[in-house]
Amino acid sequence: MKAHIQQLLEQAIVCLIKQQIIPADTQPRINIDRTKDKSHGDYANNLALMLAKPAKQNPRHLAELIVANIPESTLVIKMEIAGPGFINFFINPNFLEKQIDSAYSNERLNVQIEANPQTIVIDYSSPNLAKEMHVGHLRSSIIGDAVARTLEFQGNKVIRQNHVGDWGTQFGMLLAYMEELRAKGEPIENNLANLEIFYRAAKARFDESEDFATRARNLVVELQSGNEECLKLWSQFNETSLSHCQETYQRLGVSLTRADVRGESSYNDQLAVIVEDLDKQGLLQQSQGAKCVFLDNFKNKEGEPLPVIIQKKDGGFLYATSDLAAMRYRQNELNADRILYFVDARQGLHFQQVFEVARSAGFVNDKTSLEHMPFGTVMGEDGRPFKTRSGSVAKLADLLTEAEMRAYELVKEKNKEMSEQELRHIASVVGISSVKYADLSKNRTSDYTFSFDSMLSFEGNTAPYLLYAYTRVVSIFNKAGIEMGGVTAALSLTEEKEIDLANKLIQFDEIIKQVAKQGMPHFLCSYLFELAGLFSSFYEACPILIAETETQKQSRLKLAGLTAKTLKQGLSLLGINTLERM
RNA sequence: GCGGGUGUAGCUCAGCUGGAUAGAGUACCUGGCUACGAACCAGGUGGUCAGGGGUUCGAAUCCCUUCACCCGCACCA
């Protein structure tokens, strides 16, 4: 609809240019807004206000001229000039009904398939395998996954990349500890059952024993030089850690699989090549023993150009190096059009730098877009950044268990007769979805206050509210004895609440586009919450099964059916399951 | 010091990149279940959009400035 109005306005501009009312070189950005107030029609536009100055016209008068030059359209029944010079468009209600009818019988709910699908690489979750996943991994995993699903739904080719931290100095420490356990005859498997404890034990040995620390450092070197025994231990460790991750993904409903794992270690053989390439291109400089690329746009504390260190003075590589290798791989092997990074905002500078290096070295084409999708820091309830090293770290797995337990209590209280199995299932969906929704519904760029209580409150703008709306529709269709998609009669909108709901329903497509473009699932959350809210009002005000006429009943069933389908589809894009009853 | 971010109702947060009277949730108050599911709905109280300038028809949004807090800034990731 927006596109249609835009076309109308563009044609009006052409006419006005011909008439020399506005200058020939005007290329205004046409912005169609949805109105907040119904008295302003359905859509509004400020073109007259923007062009008033270049056209040397009174804005209201110019608005009249624009309206006079807009071609006939069956979709627009009325245009009004309001305020300082807004043009308000009133849409034919008939159109709304047609849209709903068509979305209802469409698998994709009328969400357009991308005309030019892209290959989009998404780097997300990427936990460090040395430790178990904790709350800090929640945002990247959940937000990245929601965006991946959304882009996929649009018809893009999405390639998930779980860039796990499976390499680096801390592995020396872990391997040394594994060795020690083995020497003592203790089964390593048992100890790896809890990675958090394992890591702490290894760290404690590292801190208390100089011999151990030395051994750990030596093991890093041996690992990197391909010592077989080391690699065996290393891969045993990683296997265990990865299976922990998969377990968590499974519980969380994150769509990452083992096939999406491409850890830092997989770029090992490319690191030296990257250095060589940069050197050949004359981008590399020696500084204080390290090999660096200097970028003029970035300054350090002393106001001197800031280096991106590619290779340490001891010959070791850094995460900038493997990020560059990964970028080149994603460009050349995966043929990415877009590469998205769902990574903590604190790494913003790092990404600016490596993006620039990658471009100037030609690792990435100019056409390929590199996008850091930052998210805010996880804060404790005291308002301070959530620290992971200070003793009582909330493991992600424990958090999920807590959520399920709280949900279980609530579900049981509301459903005294329900079987244990069903209670468990519902509690699991309610608990997990609450945690996810609490995170997804916030603008990802701002800091995130981690709070059990707000996450697991099941009232208001929460996942259960949306799930509840869905189950109400299911219940109605059960009672009516027909399938949710089985309404055949045409829509007939008369009541205000019906029209409000219908208007919201046809916006689904716009919202999907927005989420896909900006990588921000909270737009979808807000939309679904508003949709569920409008449905609840409609539900209260407009009896469905006991409607006055059969026509009205069928029409309302259809509206409810499309609401449920939209909720289900929307939640599914967020990685949240629906329930038939709760 | 330089760069980035944040500051909106008691609390948690939206505000669609400059639009019409700044919105939700929560908390608090009032009303609604022998009722298609009350995890709900209808309504109310609550604001110097951190402060101050500027740009213009119009600013929470753009520019400048002050304040407060957070985060980066050479071999960790």
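In what follows, chains carry the letters A, B, and so on, assigned in the order in which the sequence lines appear, proteins first and then strands, with residues in each chain numbered from 1.
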- Message: Under the rule for side-chain hydrogen bond (donor to acceptor under 3.5 Å, both in side chains), what residues qualify as partners of A:Asp42, not counting sequence neighbours?
- Response: none
- Item | Those residues that, when tested against A:Glu371, pass side chain to side chain contact (heavy atoms under 4.5 Å, CB included) (two or more places apart) | A:Arg338, A:Leu340, A:Ser369, A:Met373
- Message: Rounding to an integer number of Å, can you tell me how far A:Tyr319 OH sits from B:G72 C1'?
- Response: 10 Å
- Message: Using whole Å, what does the distance between atom P of nucleotide B:A77 and atom CH2 of A:Trp167 come to?
- Response: 13 Å
- Message: For A:Glu548, is the CD atom crowded, meaning more than 12 foreign heavy atoms sit under 6.0 Å from it?
- Response: no
- Does A:Ser126 have any side-chain hydrogen bond (donor to acceptor under 3.5 Å, both in side chains) partners at least two apart in sequence or in another chain, and if so, which? A:Asp123
- Which whole number of Å gives the distance between the C1' atom of B:G7 and that of B:U61? 14 Å
- Message: Parallel, tilted or perpendicular, judged at 30° and 60°: which one describes the rings of A:Tyr465 and A:Phe529?
- Response: tilted
- Along nucleotides 27-40 of chain B, 5' to 3', which nucleotides get a B, which get an S, and which get a -, given that the test is a protein heavy-atom distance under 4.0 Å? -----B---BBSBS
- Message: Would you say that A:Thr578 contacts A:Val474 through its side chain, given a criterion of any heavy-atom pair below 4.5 Å between the two side chains?
- Response: no
- base_contact_polar (B:G19 base, A:Asp33 side chain, donor-acceptor, <3.5 Å): no
- With heavy atoms under 4.0 Å as the rule, sort A:Asp37 into base, sugar-phosphate or nothing. base
- Task: Decide whether a cation-pi geometry holds between A:Arg472 and A:Phe535; the criteria are a distance under 6.0 Å from NZ or CZ to the six-membered ring centre and an angle within 45° of the ring axis.
- Result: no
- Query: Contacts to RNA chain B from residues 284-293 of chain A, heavy-atom cutoff under 4.0 Å, which residues?
  - Reply: A:Ser287, A:Gln288, A:Ala290, A:Cys292
- Nearest to the side chain of A:Lys442, which nucleotide is it out of B:A42, B:U12, B:C76? B:U12
- Can you tell me the distance, in whole Å, between the CG atom of A:Leu47 and the P atom of B:C57? 16 Å
- Expressed in angstrom and rounded to an integer, what is the separation of A:Glu530 atom CD from B:G15 atom C1'? 11 Å
- Item | Separation of the C1' atoms in B:C16 and B:C11, to the nearest angstrom | 25 Å
Can you pull every protein N or O that's under 3.5 Å from an N or O on nucleotides 1-11 of chain B?
none

- Pairwise C1' distance, B:A20 and B:A59 [rounded to whole Å]: 14 Å
- Can any side-chain N or O of A:Asn45 pair as donor or acceptor with the backbone N or O of A:Asn31 at less than 3.5 Å? yes
- Message: Students often get this wrong, so: under 4.0 angstrom with heavy atoms, is A:Glu510 touching a base, only sugar-phosphate, or nothing?
- Response: nothing
- Under-3.5 Å donor-acceptor pair between A:Asn88 side chain and B:A20 base: yes
- Hits for salt bridge (Lys or Arg N to Asp or Glu O under 4.0 Å) against A:Glu404, two or more places apart or cross-chain, chain-then-number order -> A:Arg251
- Non-neighbouring partners of A:Arg444 that pass side-chain hydrogen bond (donor to acceptor under 3.5 Å, both in side chains), sequence neighbours left out: none
- Message: Under 4.0 Å, counting only non-hydrogen atoms across every strand here, what does A:Ala345 touch: a base, just sugar-phosphate, or nothing?
- Response: nothing
- Return the orientation label for the A:Trp234 and A:Trp167 ring planes: parallel under 30°, perpendicular over 60°, tilted otherwise. perpendicular
- Pairs involving residues 294-319 of chain A, ordered by first then second residue, that meet ring pair (Phe, Tyr, Trp, His ring centres under 6.0 Å) (sequence neighbours left out): A:Tyr319-A:His350
- Task: Please work out which residues in residues 518-525 of chain A have a non-hydrogen atom less than 4.0 Å from an atom of RNA chain B and list them by number.
- Result: A:His522, A:Phe523
- Charged N to carboxylate O below 4.0 Å: is that the case for A:Glu422 and A:Arg581? yes
- Rounded P spacing from B:A22 to B:U26 in Å: 22 Å
- Is A:Lys53 near enough to B:C57 that one of its side-chain N or O atoms lies under 4.0 angstrom from OP1 or OP2? yes
- Considering heavy-atom distances to RNA chain B, does A:Ala320 or A:Ile309 have its closest nucleotide positioned more toward the 5' end? A:Ile309
- Checking N1-N3 plus N6-O4 or O6-N4 for Watson-Crick, or N1-O2 and O6-N3 for wobble, each under 3.5 Å, the partner of B:G3 is B:C71
- Note on the structure: The glycosidic conformation of B:U61, counting syn as within 90° of 0 and anti otherwise, is anti
- Message: Roughly how many Å apart are B:G44 and B:G3, using the P atom of each and rounding to a whole number?
- Response: 48 Å
- Query: What does A:Leu349 touch in the nucleic acid at a heavy-atom separation under 4.0 angstrom: a base, only the sugar-phosphate, or nothing?
  - Reply: sugar-phosphate
- Note on the structure: In whole angstroms, the gap separating P of B:G58 from CZ of A:Phe86 amounts to 12 Å
- Message: Can you check the distance between B:C69 and B:A27, where both ends of the measurement are the P atom (answer in whole Å)?
- Response: 32 Å
- Where A:Ser241 and A:Lys131 come nearest, the two heavy atoms and their spacing: OG-O, 4.2 Å
- Message: Closest approach to the side chain of A:Arg346, judged atom by atom: which nucleotide of B:C16, B:C70, B:G72 is it?
- Response: B:G72
- Query: What nucleic acid atoms does A:Ala52 come within less than 4.0 Å of, heavy atoms only: base, sugar-phosphate, or nothing?
  - Reply: nothing
- Message: Going by ring pair (Phe, Tyr, Trp, His ring centres under 6.0 Å), name the residues that satisfy it together with A:Tyr527, two or more places apart in sequence or in a different chain.
- Response: A:Phe508
- Using a cut-off of 4.0 Å on non-hydrogen atoms, how would the nucleic acid contact of A:Phe298 be classed: base, sugar-phosphate, or nothing? nothing
- Task: Using the test side-chain hydrogen bond (donor to acceptor under 3.5 Å, both in side chains), find all partners of A:Glu264 that sit at least two apart in sequence or belong to another chain.
- Result: none
